[in-house]
Every structure is written in C-alpha cells, then in structure tokens.
> 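Take this structure first; my questions come after.
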Amino acid sequence: MLAFLVQRVSQALLVMFVISVIAFAIQDGLGDPLQEMVGMSVSSEEREAIREELGLNDSFVVQYLRFAGSAIQGDLGNSYFYSKPALEVIAEHLPATLELVIGASLIIIVLSVPIGVYAAIRPQAWLSKFFMGVSTVGISIPVFLTAIVLIQLFSIGVTVNWFPADTGWGQWLNEFFTTEGGLPSYGRGDDLVHLFGTWESGLFTGEGLAHLVLPCVSLASIMLPLFIRLIRAEMMEVLQSDYIRYARAKGLGAGRINFLHALKNTMLPVITVGGVQLGIMVAYTILTETVFQWPGLGLMFLEAITRSDIPLIVAYLMVVGLIFVVTNTLVDLIYGLVNPTVKLTGKKA
Amino acid sequence: MTSPLVSIQNLEKRFDLSGSFLEQLRFEGGRLRRKQEAVHAINGVNLDVHKGEALCVVGESGCGKSTVARTVMGLIAPSAGEIHYGGQRIDHLEGKTALPYRRKMQMIFQNPYASLNPRMTILQTLEEPIRFHHPDWTAQAVRDKIHEVMHSVGIDPDWGSRFGHEFSGGQRQRIAIARALAVDPEFIVADEPISALDVSIQAQVLNLLMDARESRGLTYLFITHDLAVVEHFGTRVAVMYLGRVCELADTRTLFATPRHPYTQALLSAIPKLEDDRPNHIRLQGEVPTPVNLPSGCVFHGRCPYANERCRQEVPMLITTDGGAQVACHAVEEQRL
Amino acid sequence: MALLEVKNLDVRFAVRGGDLTALRGISFSLDKGERLGLVGESGAGKSVAAFSILNLIAKPGYIAGGQILFEGRDLAAMSERELRKIRGNRIAMIFQDPMMTLNPVLTIGTQMVEAIQAHRKISRKEARAIALDRLKKVQIPSPEKRLDQYPHELSGGMRQRVIIAIALLLDPEIIIADEPTTALDVTIQAEIMDLLLNLCEQENVALMLITHDLGVVSQVTRRMLVMYSGRIIEQGPTREIINDAQHPYTQGLINALPQMGEPGARLFQIPGAMPSLKNVPSGCPFHPRCNFATEQCKRAMPAYVRSGNVDVACYEVANLIEQEKRMQEAES
Amino acid sequence: ADATKNLKVAYDADPVTLDIHEQLSGGIMQLSHMSFDPLLRWTKDLGFEPRLAESWERVDDNTMRFRLRKGVKFHSGNEFTSADVEFTFDRLKQSQDFKAIFKPFSRVDVIDEYTFDLVTSEPYPLLLNTATYIFPLDSKFYSGQTEDGKDKGAILKHGSSFASDNLSGTGPYTVTERKQGVRVEFERFADYWDTDSPGNVGKIVLTPIKENATRVSALLSGGVDFIAPVPPNDLDRIKRDRNSELVTMSGTRIILFHMNQERVEAFKNPKVRQAIAYAINQEGIAAKIMKGFATPAAQMSPAGYQGHNENLKPRFDVEKAKKLMKEAGYEDGFTITMMAPNNRYVNDDKIAQAAAAMLARINIKVDLKTLPKAQFWPEYDNRAADMMLIGWHADTEDSANFYEFLTFCPDADSGAGQYNAGNYCNPEIDALVEKANVETDLDKRAAMLQDVEQRLYDDAAFIPLHWQDLAWAAKKGVNIEPVLNVMNFPYLGDLVVE
Amino acid sequence: MTTATVSRWDRFRESFFWYSFKRDKVAIASFLVLLSMVLAAVFAPLLAPADPYDLAQINIMNSELPPVGLDGADPAFPLGTDAQGRDLLSTILYGTRVSLMIGFGAVVLQAALGILFGLLAGYLGGKVDAILMRIADVQLSFSTLMVAIIVGAVFKASFGSLMFGEIAIYMLIFIIGVAEWPQIARTVRASVLAEKKKEYVDAAKVMGFGTARIMFRHILPNTLSPIFVIATVQIANAIISEAALSFLGLGMPETQPSLGSLIKSGFDYIQSGSWWITLIPGLVLVVLVLVINLLGDWLRDVMNPRLYKG
Ligand SMILES: Nc1ncnc2c1ncn2[C@@H]1O[C@H](COP(=O)(O)OP(=O)(O)OP(=O)(O)O)[C@@H](O)[C@H]1O
Ligand SMILES: Nc1ncnc2c1ncn2[C@@H]1O[C@H](COP(=O)(O)OP(=O)(O)OP(=O)(O)O)[C@@H](O)[C@H]1O
Ligand SMILES: [Mg+2]
Ligand SMILES: [Mg+2]
C-alpha cells in the first residue's frame, strides 16, 4: 500500500517534470506571446522592453530554473493573457470541464452497462446485433462530426420533406425526421449556481442542464461504444467460466448469475480501463469544447496555444497529467477494494 | 562408487515475493517495518545422479521438484549451492562456455501442448537445434539426423511440414522427445513428462523413454508425482517434502520398506486396483506453505510421530541399515 | 424404479462445418445410494455426460435425443424453471477444478447462503447456520472463519472441501462429481475421496464419480461405465470389470497401468490415440487401435452383449460368448 | 428612455482587460465605447460628433481648445472635470500601446474645470482623429494605492493591476460581472449623462464565441441577440433567416501582399510587380472567397479617407500579366515562398491559396505556408517569406498611417516602415507623406495623399486585394443598424431594442 | 524429404481464417470496400480528373459548385468543387491517399516501437521492464491529441515553418506513431509474459539459444495475432486522430489535404449551403474508418483464441 502510494506520487512528479521541461523547451516554437499582448503599432523597442520584463530573453535553463523554483512553491506563473496566476485560471475553467466529463460519464455508465450486458447475454438477438452495429459505426465517426450533426439536428433543427407529404406515411416520416432544434449549442448558459470558490455549476438549473445535453452526448459518443464493446466482450468471457457454470449447477436464477456473479467479475477489468478512459476523456474535451464553445479547460488550452500563453499551457499540461495520475490511482484503489484477490503493490496489475 | 554424472550440492532456491525495497515497507502497529517474504522452494538439497540410472524425484505439488529440475538445467540460478556435471561446476556458466553442456543435458517438459512452438513446423523444431549446435554439418547430414530421431521416437517423417497443434498429446510429447534427442544428449531431465497424458498414451511415452535409455545409454532425472510410475521406471527414488529430500533409496527398497513417515503416507495413498475402500494413513493438519517454513522438521506439523525435537531440529539425511537414506529423527531414534 | 435413468442420450455440438456428436446412445441408471464410476480417456465425453444430466450443456451443445429420467420425470424436456428446482437441490455437482469453480469475488459464505436461499425460503441467518454445519461436516479447520473468506484465501484441498460442503447443503439425492481430485495431491486426494465416500454412505446419497483413475474407481464405486469416444463400451460391477475386463479397450487401459507390469519391463500399450470427435471412425470407434478388429468392426457399432453381469459392446466378445454358448450347447 | 431591455451579445472575443490603456485593439475599443465616453466620436460618415467635449476650437497651429460637458458623473459618483482629461492624457503617454499615436502631442493645459488645451509639438492635421482615442478616466478612482501598496494607476501588461480589474468611466454601462473568456455583464449606468440617448438596453451579457459556425448557430437558435463578426459564408443563411437581420458595411481594413525585393531579385523589377498586380483577380476573390463581403481594392485608402483615389481600379488581365513577365525576361517564371496567417483575417488562408493559384498562371510557382497568428507574426518580423499577406486598419482613420507602417523605407531607429515586408523604398513618396502630415489644409492634404496612392499604384509597390467588409447580425427588433459604423465600435449605449 | 509438402496457399485455403472469412458477409463487403478505396487512393494520379496540387489548374471562378445532380452543377466536377474551385473528387482521392498513408505509416511506426519495447520489457523483465513501462505510463498520461500538439510544436520549432509543409505528413506519422506505441507495447508485453511462461521458451533456452534469437524467432511470431488485431484498429484510430488534429488546424496543410483537413476546410461552409465540401469527405472518412473497424472486429473474433476455444 505504501509502496503503491509512493510509486504513484513519484509517477505524478515525473509526469509533471517531463511536461514542464518539454513545454519550456518548445516555447519558442509556439509563437510569440507578445502578439496577443500589444497592438500592431507598438514599436519594436517597446516590445523588446516587455520581453525583457517578462524574462522571455533569458536562456532556456534560466527560465526553467526560475519556473521550477516557484513551481515547487505551488506557483506555476502568471498567464500572459489572463494576467493572473495560471492555476487560478485553471481553477476557474476546471468546473466546466468536470461537469462535462461527469455528465458524459453518467451517460456512458447508464447506457453501457445494460446494453453491454444484454448484448453478452443474448449475442444472437437482433437488438444486440443492432447495438453492436451502431457501436461500431459510433467509434468510426470522429467526435467533431458527431458534434456538428448534433447541433444541426437539435439546436438548429432540420425540416425534412424527402417523403411525399400527400401520403399519410410520407407525412409521418417527414415529421419523424424533422427536428425542432432549440437545444443550446454553445456555452454553459446564464443560469449557473454558485457553489463554492470559483465553482459555478449548471447541474442544478434547467438552463444549465439544457446546455449540458449536447456537449455531454457528443463527448460520450466516443467512449460509449468502446465501453459497450468492452463490457460485452468481458461479460461473454466471464459467462464461459467454470464458476458461472457452477452457479447454474447450484440452481441459481439467471438474474443472480448475470447480475451478481458475472457482472461483478466483468466490471473488474472495466473499472481499470474506465480509469484510463476517464483521463483520455479530459483530453477529448479539447474537441468537444471547441465545437460547443464550452468554457472549460480544453478550449482554454487550445486558445492558450494560439496565443502562445506558455505559462498557461505548461500549467494545463501539468494539471491534466496530475488528474490522469490521480484518477488512475483512485481507480486502482477502488479496484483493490472491489477485487478481493489483489493487494495493492507498486506493480501494475 | 564411481563419481556421479550430475551432482547437486546444498542447493537452495528462494523466490523473492516482496519486490523492491519500497514494497517491503509496511505499517505495522503504527511503525514502519521492513518485511521481506520469499518462497523457500528448495532448502538444501543434495543429490547425485550416476551414469545410466533413472533417478526419480517424487513429492507433492509445490515441494520444489520442478525447481530442482530447472536449476539443474540452468533455467534459473540457484540462491546457494552448486551443480556439477562430470565433475565440472556448471551453474555459473554462461553463453558460449555453457554450450557444450546444453548439448549434453536436455529436458522434456510436462505440458505437451505448450512445449512446442506453435508457429514452427515439426521440421523447423527439430532442425533448429541441430543447425545451432552443428553449424558445420551439411544439409544432408542434418536431414539424416532428423530422420533418425523421428524414426527412433516413432513419428512419421512425412509429418515434418505440419505444425504442433495438428497432433495429439502423445504425438507431441514424442516430438518433444525427438527434439531433446536430436542433439545427442547424455543426460535428460524429464519434468512430469507423462502426467498430462492419458493412461494409454502414458504407457507409450514411458516405453519410449525406456527404449531410449537402453539404446542411447541415457541418464534420467525423472520428476513425477505418480508413485506407480516411479516403481516401474526408476532405479532410485528421492522423496521431497517442502524443498527438502526426506528419503532417498533404491526403488525396491523404498517400496518394500518405506521409512520416512511421509513416504509411508504417500505410498498408502496410492489408489490400487485391488482396493475396494480407501485405506490410507491419515495425516493431520494442513500442508504448510513454503513462504513461512516451519522450524525443525518441515513435516512435523502433519507427522503422527513428531516430538519436541522434531519441532526444533532439522533432521539430516542418515543412511539406514536397509541402505536407504532418511531424514527423520524418529527413524534415527529408532522410534519408527 | 431407478432414481436416475438415462436412456439413449445423444448430445451434439453445433460447430462450424456441421454437428459433432459428443455422446451417442448413452444409457445407464443410478439407484438410490448407489455409487457409480464413469471412466474413460480425456475427451471421451465424461464431462459432457455429467453436464447433460443436469441439462447444463452450454451452447453450442444441445441434447439431440434420448431421455434423462429423474424419478420418472424427463430432465431433457423440462423447463428452465423446473430444472432450477432440481439443480443443486436434488442433484448436486462437484466440478473438476476447485480453483476455478468458486467465484473469486464472492465470499464462501455468500456462495453457500445463496445456494440455500435459491431453494429454501429461510433467513440468511438460518442459511448460515446450515452452511456452518456442512463446513463442519467436511472437517474444515476453523469453519466459522471460512464463511467470510474469499476462495483465494484457501488451499486447493480446502476449496474442494468447501465445494463438497456446498454439494451437501440441501441434502441432495445425487451428487455428480466430475474428477473431484485430479487437481490435488495424492495424499489430499485420498483424504477427499475418503470424505466423499463416507458422507455419501452416511447420508445415503447416490454418487456418480467421474475419473480416469481406475484405482479410485475401484476404491469408491460399486458399478462402473467405461466410455470411449462418446459411447459406453462396457458397464457392470466394478470388481468384475477390473478383475476381468471384457472389452479390448478396457483391457488395454488396465494393462497399460504401470502397476500391472514388472518394474522396468516394457508396458503394455494401446497403439494410437483416441480419435477426435471430428473424425470418429465408422463402426466401432475403437477398431483402428484394436488388435482384434475385423471387417465387421469397421461397419457398424456392435450391440451390447452380456457377459456375466457386464454389458459389453464388442463383436469379439459377442463372438466368444456365442462360441461358448455353442460349446455349452454342444456339450449338453 | 427607460433602459429595461436585455441584450445578449456574442463577439469573437471578449475584452482582455478592463484597463483600456493596456492594449490597443478592437475588443478594447468596443469596451471603451460601452463603459467610457470619448471627447468626441466618429459619425457614420466619418465626421465628428461631440461627446464629453461639447465644442472645440483651434487656438493656434499647435493648440486646440476643448470645452467639456458639465454635470457628467463617473460610475464612482465622482464629478468629471478637466483634471480627469489631463490624467488620462498623461496615462496614455505612458501606455506602451498608445504612446505611439500620441507622439505628436506634447501636453494638456488645464484652463479651468471644464476647459483645457490640447497642444501638439508641430501642426498636426489629425488632432481630432486622435482625440477620439481620449476616453477620460476617473482620476480620483485610479489614483492612490491599493491595499497591498500598488499604484492604482499603473498599467501592467501582465499580472493583474487595479485598473485591469476595476473600472470607472462615464460611459453608459458599468461592468457588474466579468469572467474572462466566459462572459462579461454590463448594466446601464443610472446616472448616465446622455439622457437624450434613445438607448433602452438595461443589461448586456457579452459572451465570446470564437468559432464562427457556433456563433452563427447561437444567433439562429435564439441563444443570443446580436453577433459580430458574421463570417462571409453565413451571410446568405442569415439573410434568409426570417428572425434575423444582417447589417454589412464596406470596411476600412485593407488586405494586401508585400513582395520582398530583398529576398527576390525579380521583385526589384517594377514590370514583374505589375505583372503580379495584373495576375491577381481581386474581383474574383471578393466575389467567391469573400462571398461579395469585401470591396476589391487597388489602393490602400478606402473611400472616405483623404488619400482615396477614385481613379484607381483593379487591373486583372492575365494576358497583360504574361506579357509583362515576358518583357521583364521572366517568361518561364520562377519559384517563390508565400506566407499568410490562417486565423487573423477573414478567410486569410483561403485568399492566399487563391492568390497562389492565380500566380501559377503566369508561371510563378508558389510555396505557400499558412500559420496561426501567434506563429505568423514572428515570421513576419523576420520577413521570412518572399510574399507575405497582411491586413491593416489605420488607427487614426487616415491614409498616412498606411504609408508610414507599410510602404515607408524601413528604418529600425525611427520605426518607419515597421510592417513593410516588401522592403519597397521610395524616399520621394516618403517625403511627400511627411509633408502632408504637417499640412493642416485638409483639401491640399487630400490631393497630396491621392498623389501618393497613384504613384504606389503605378509602381505596383504592393498588391492590394480588398477592404474587408464588416458584418453584424441581430435578431429582428434589435435595431443595430443606427449604432454601427465602419470602425466597428457599435455605440451600444444608443441601441434600441423593440 | 519425399513428401509433397502442402503449399502455403493450400494451407491458407484450409485455414480457419479463410473459412470464417468466406462465411462472413460483413467481412467480405468491408474488405472489398477497403480494397477499392486503397486502390483508388494508390492510383489516384491515374484516376483523378485533375491534380489538386497543381495550382495552375484551379480557377477561383469555379468555386463551390455542387455535385452533379444538383442545380448549378458542372459535369466536369462530378462531386462538385471546394471553396478554391478544386475538383472535389480529385481532392478526395488524393486526400484518402494521404489519410491512408498516415494511418498505415503511423501504425507501422507504432508497431515497430511497440513490438520492440514490448518484447524487451516482457522478456527481459526487471529494470528494463520497469523503466519502459514507466515511460509508457507517463506517456499514456497524455492523450494522442496532447502529445501531437506538443510534438507538432517541437517540430515546427526545430524545422521552421517553411519546411513544415513538406514534412507535415511525416510529422503526423511520427506523432501518432510515437503517441500510441504504449498501446501496442502493452499488448505485446502482456502476450510475451504469457508466452514466456510456456515451455517451448524453456525448451529453446535449454538448447542454448541466445536471448535475441528466442525473443524474435520464438516468442515474437506467437504474439503476432493480437498485434495484428490491434494494429488494424489502430489504423482506424490513427486516421481519426489525424482528422481530429487537422480539424483543430494542427494537421495537414490545406494545400496538401488529408480527409481531415478537407472536412475542416469545408466546415465553414456546411451551414451556408455548400454542405458537400464537408459532408462528402466526411462520409468517405467514416466509411473508410468503419470498414477498417469492421475488419478489425472480424479479425478479433477469428484470432482471439479465448473466444473460439472448445
Ligand atoms: N518463478 C517463481 N516465482 C515464485 N515462486 C515460484 C516460482 N517458481 C516456483 N515457485 C514456488 O516454488 C515452490 C516450488 O515450486 P515447484 O514448481 O518446484 O514445485 P513442484 O514440486 O514442481 O510442483 P508441481 O508438482 O505442482 O509441479 C512452489 O511453492 C512455487 O509456488
Ligand atoms: N463447447 C464445445 N464445443 C465443441 N466441442 C465440445 C465442447 N465441449 C466439449 N466438446 C467436445 O466433447 C468431447 C467430450 O468432452 P468432455 O469434456 O466430456 O471430455 P472428458 O471425458 O470430460 O475429458 P477430460 O478427462 O479431459 O475432462 C470432446 O471431444 C470435446 O472436444
Ligand atoms: Mg512442477
Ligand atoms: Mg472432463
């Protein structure tokens, strides 16, 4: 247990160190942060002076050491664009992203488990085949396309008149495919509830929730098929095992066998994969947030890149790296609690 | 007595369980402690294998039989002790210097389904070791050799282009034996070569091994847990318990007069065709794990004759009047 | 009426390229309190036979014909609901590998209690009491502790004891034990067999013991079936078969045992190996390996003939009996 | 009017700071017009409209006297006086971004509470233009020290300063809440001086939506009431939408190519430059890529500017271009590199691609790179490619500003020709511009500047493409049209919502 | 040998692989679609009506023509034109080529790295394993997207923006390859760990074979089927990753478009009526990725011994 924690902490530190070095090494390649800070007509001397003031003219090593020195004290520098501590900026954007991730995770959990289990129990049923087919198509569509289509359908709405409107069924089909639109397509809405610190939440108001729908659905659309397939595959394998046969030989009902004996064993590997995917999902928010202009970390990061806001980029990468390590650690802890046969060590399972 | 072909001296093997230093640290009673755990797979084994004999090693699962075999073959390094071959210490040899012994010593494995590389044809499986050890041979010579070993284990040379999975267990085991024989070894370690096979096939393989021994003058270190096989096949038997040899004797002597209480229990437990009820010597207690070795005689927890001395003192192998070597205080004290 | 009577059972597996017949025309019966042995080489169909008795053949397998009469009711035709009332309750099963049969993520207690509650409407507490009682019966050290342990915390021998305890939970009429000790050491195997035998005798439970160890069969059972390639080729009283096997395969099986030969001498060996189900030879499936095979053997499966108390499916034996009969007739 | 209506606005960006002297950019100017008032402001037809200054008169060649409106209050409640103007002027001279514009000015002389003189060092024709940049700050509010001992008036480019988080102006809206990059909330200032203003919007929520399509969707799906800018591709769609209204104006930002004579020998030859000018189809680009949302240009000064020369017309003629190439001895063409930003101007990368395709026809092979602006500008400063695309808007709304930055002989010391990536140098023209810059007779000055345009045209000093049009869109009932102008500073204080 | 050895082809035709392929309509259809797309891409220079890289062939006045069948279409441009006036059919053919090159290239690189490191980590164990897997862990802490953004910036910094266009395709291959090697390395390592326990490895050791020989000749071939399965899926993923990067403006330049950058360049037009500029390449991309995924699914079913045992 101790070794496990020490190992994770060292991994987190290593991740953050590597990121910060890389990010610093490449900062020149990202462009000139001054372009966003001053107007076009400012002279080169003025610019030089600002550069000097920001310490941008120092050598890489000097800059890095300065950064590392204050980073150890928990100060990752000031964002050029936001003119305040990068961590503060991240703290402000984090809730939006977390809500997105939470919402998407909920969708994934609520849908993937029943669908995956069903498809494993009844692999031949047409509904299973339909779900599997849809999920294969699902993983083949890039998330930004999904998002674009969702906006078109549910925010803007489409009017369909492909079918002859003079026939009853044609009219019905037209109406079936015609969408109203009206769901919010950008941002988090105005009706946010202030929780604590910088945390404003959209989870408690109708408007906030409405704004969450499309971004969450499109974010979930990448991972959902993966999870359905994973759960189905694991469950099918578990169902083949001796202990399931044995449970049947004991005369247990199908419900108990499927949902206790099989599902519990199925979820073990799923938990591990889920942890990794959760980390990846934080990264995928870059795409979703771009399309939906969701004021979270991903959008902030992408804008920081176009603005060469190095301190913010570094801080973002470090925080995301940290989030990844932390979620994985949590997941491993949960795994250790749920699975009686493992004991936590520094080694990977 | 002539000098032994293979000599295992004071062999010990521990498998570390506790991992790196960090993982050994543990909170206990509010204090940080370092705790090392190891499987004591072998704890001081001495065995000599003489030319031409078939020394059988028996014992229950986990007693270290395979570990002995694998250390002898150099697959794992011993924690302590030495292995000698023809008077030469070999356990520390590596690379080129070990090659001559690789040829002289071969191994046959338990699981015929795993011991053949599934991506290699039979021909490739047999050809590779020959070419490797005799790079100077002509293609014809190699082919002749393959023919010869295939013939001697009774597999049809026509099968050469097929893959292992196309054969039954017995046939695979023959191929594995052919592979071992292809480099003309003197000494063969067989780790439970027949326990995965059906009775009717067991007989075929056992016959084959006996024929090979006859025609090629092979020496075997034969590992098994089937005492009936030992009785049939072995010239001498070593009975192991928890990493120690507890009895070592000629086969006949051992089966006629088992001395060690464990050997006695073991022999009585073999189900015989003529029995119509199990009638075995009942042992008490649970089998101890090799992680926390009991003090004294490792068998004392299950032994009906154990006394205080057995719990304290490790018994040494002593030679009894029958010629058998037994490690038991009760036997030494003639309580038994 | 026999407690269990299997009549002409056929089991097939629907695999690519057509059906494989794993069991063909299996018939036998089991009386109350009787102990029956089922021997044969790996792949002969022993486990399939065991599972099909409980109608537990997993897809792609299916029962293609025949009847499994338990107290006169056909299990092969029963609904899943009714079957569930029998499984684990009237007929219990012990699986081959104690390492794989217990669910690794549930405690022993849970797995015992659920088995009881699946069949009896009693409280958890009462169920636990029963479980504890059974654990005591199988002589597990410190049984109270075991209820809250997970399978991986027990040794192989203990797990098999737990499984026997679970089998006994609901006082079944029949226990089917599929190689209950193959994965265990000789000394432990002897203890477990002893235990199983004693319990069956005490409770008057019928035992169907599946094994490939003839020694065990002879120790434990009174009647035995010999299977080869999905068929029963010989059945009768254990003693009689062990002492004087009729079928050439049974004879070979017995003679190939190292116990039977002189130490150091070549063993009797049956040439070849049991065919896989994909290419079962025509006629008597044993004929390619049989020393006595004639043209007749290749053509059709021989019918059972009775020699003493033993039923044998072999032309050679039939011919011998015929001859004997004729000689007797000639004599008289 | 009662200010009771709400307005949801989506721009492509929100103001980066509340300190309007920290940066000279469109976003900040928009903020300035919402929360502050200038002394005077541009009208739609580029005239001047008095705001905080009620009137002005020239005292001498170098001095202009302004009279201030009385009874104007800052958001803080402080009274607005000449002292505030002086404070603001001094602060502007400190500002890194503004000091260049205010270079010709030497001081503000306070005459009395409501009168002051603005003094230049030399006669300066653009005095009033520049005065539109003076948005008086609340001197009392911005003086003194914060709790942690920092000067409240400090202008800090990075790191937070008092002024970047707090604001007190005289403008129609106070900032009630601001979450940078997410939203800014404005509320009508109750004591706003301009009681004649028809504006009836009480609350404005400004959300930045950077992605064009999303911004348009936001309007169409009813999420916001007013968006800017409108991407050219969506003009049609908005026009067709029954609930939305589109306003477009031809803008003043010129988009052009520089041809670097120092990198490419051939560009030294005026014939080659002219050939390129003939090869580029400005009309095509404006029609197809800009969807008609641009005014094809043959010069830098847009109509309305003093330098605008009516006679100069785009001269697309491939045959002529080929002929010129032949005359110049480059019939077989040559290869050049081209660079353009891809997220700075409307369709900038597509314009560059189209231009490259057009040059291919006269055998000039173009190796084109498009870059995000943060990477483009450093390359631009290095003059890293043979042809580079740039857009320019004259902060002074005056032609001379174009020449000073884009065609003057580059001089690192004076800063002249800072963005002249063509290294074009014609001292005669420069001298002419200098002369115009001290000519206070505006008609004479106009003639001089138009001459400059003509000469640059003849010389093909650069390749003008078009003036980027401006477009805004709003829900029906939001009467944006009257408050819009070519500078793109919507005077939202006067906005009427039905 | 006297026997007539069975030819590889016969062996293949008898194999389970071929058998299940013949029987699976989806697999056959997917394979045919993929094959035709690959062929079309490979022979794009022969098939395409125009060369989209040749700027002299483009006329701005032809821009945004709709596909044939719609009002205002020009038969010279069967799928219409994009905003620059390029023939969409040609750009799609060339774009598919670029996408496929990136997909395959990235996976080859991934596989090379993943196999090498996976083998080393799995077989040698100990420190080598610990170090390699730690690196993999660290790298997995970032998604491909983030790695790509960072590595892309490094590339631009070290090669300068001008060179960047030429090397963009190699850069993307490199980025996606490097970003995803841990996936393959882990799979390889897992199967090496399983294989290493098997006795044929011991048999090889007993023969005295060297480490390299055992790793590459004996173990590697036995880990190939899972590699093959994930490699297929990874091609699909690589193509999607590239599309995502292009969508964010970090991928292929528009002058040398991949399917992703075509979608991106059309994205601005989708709502203004010129939907075909985005939708047609989008559809091609989805179909391409879909058939690869379907083949991957099928391969998984065929090759996963756990699912077809018994
Ligand atoms: N690589 C290893 N790491 C850790 N422990 C090991 C390893 N190999 C063997 N052991 C342990 O060493 C002990 C002896 O194992 P060994 O394989 O020699 O037993 P065995 O007598 O051959 O048993 P079996 O009859 O089951 O083959 C066992 O407790 C086993 O768990
Ligand atoms: N799911 C299945 N699909 C196809 N064939 C099967 C399946 N399960 C079992 N079989 C076949 O049925 C035959 C009988 O198998 P069974 O498991 O009953 O043998 P067994 O006698 O129990 O052998 P063992 O001693 O190895 O347990 C075998 O040939 C096996 O291949
Ligand atoms: Mg072993
Ligand atoms: Mg079985």
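Residue numbers start from 1 in every chain, and the chains themselves are labelled A, B, ... in the order their sequence lines are given, proteins ahead of strands. In this text the structure is predicted, and so the values were computed from the model without any measurement.
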> Please report the C-alpha distance between A/Val291 and E/Phe247 in whole Å, then the side-chain angles of each, then the deciding distance to 0.1 Å, and finally whether the side-chain contact (heavy atoms from CB on, under 4.5 Å) criterion is met.
CA-CA 10 Å; A/Val291 183; E/Phe247 181 78; 4.0 Å; yes

> Output the option from A/Val143, A/Ile139, A/Leu14 having the highest count of non-hydrogen pairs under 4.5 Å with chain E.
A/Ile139

> Could you tell me which portion of E/Ile240 (side chain, backbone, both or neither) has an atom closer than 4.5 angstrom to a non-hydrogen atom of chain A?
side chain

> Counting only non-hydrogen atoms closer than 4.5 Å, does A/Thr290 touch chain E with its backbone (N, CA, C, O), its side chain (CB onward), both, or neither?
side chain

> Using distance alone, with no hydrogens and no angle criterion, decide if A/Ser140 and E/Asn293 have a side-chain donor and acceptor under 3.5 Å apart.
yes

> Does any part of the side chain of A/Pro142, heavy atoms only, come nearer than 4.5 Å to the side chain of E/Val289, both counted from C-beta?
no

> Just how far is it from atom CG of A/Leu145 to atom CG of E/Leu279, taken to the nearest 0.5 Å?
8.0 Å

> Who passes salt bridge (Lys or Arg N to Asp or Glu O under 4.0 Å) against A/Arg229, sequence neighbours left out?
E/Asp297

> Between E/Ile263 and chain A, with a heavy-atom cut-off of 4.5 Å, which part of the residue counts as in contact: side chain, backbone, both or neither?
side chain

> Would you indicate whether E/Phe228, at its atom CZ, is surrounded by more than 12 heavy atoms from other residues, nucleotides or ligands within a distance under 6.0 Å?
no

> Which of the residues E/Gly296, E/Ala236, E/Ala244, E/Gly282 is involved in the greatest number of heavy-atom pairs with chain A at under 4.5 angstrom?
E/Ala244

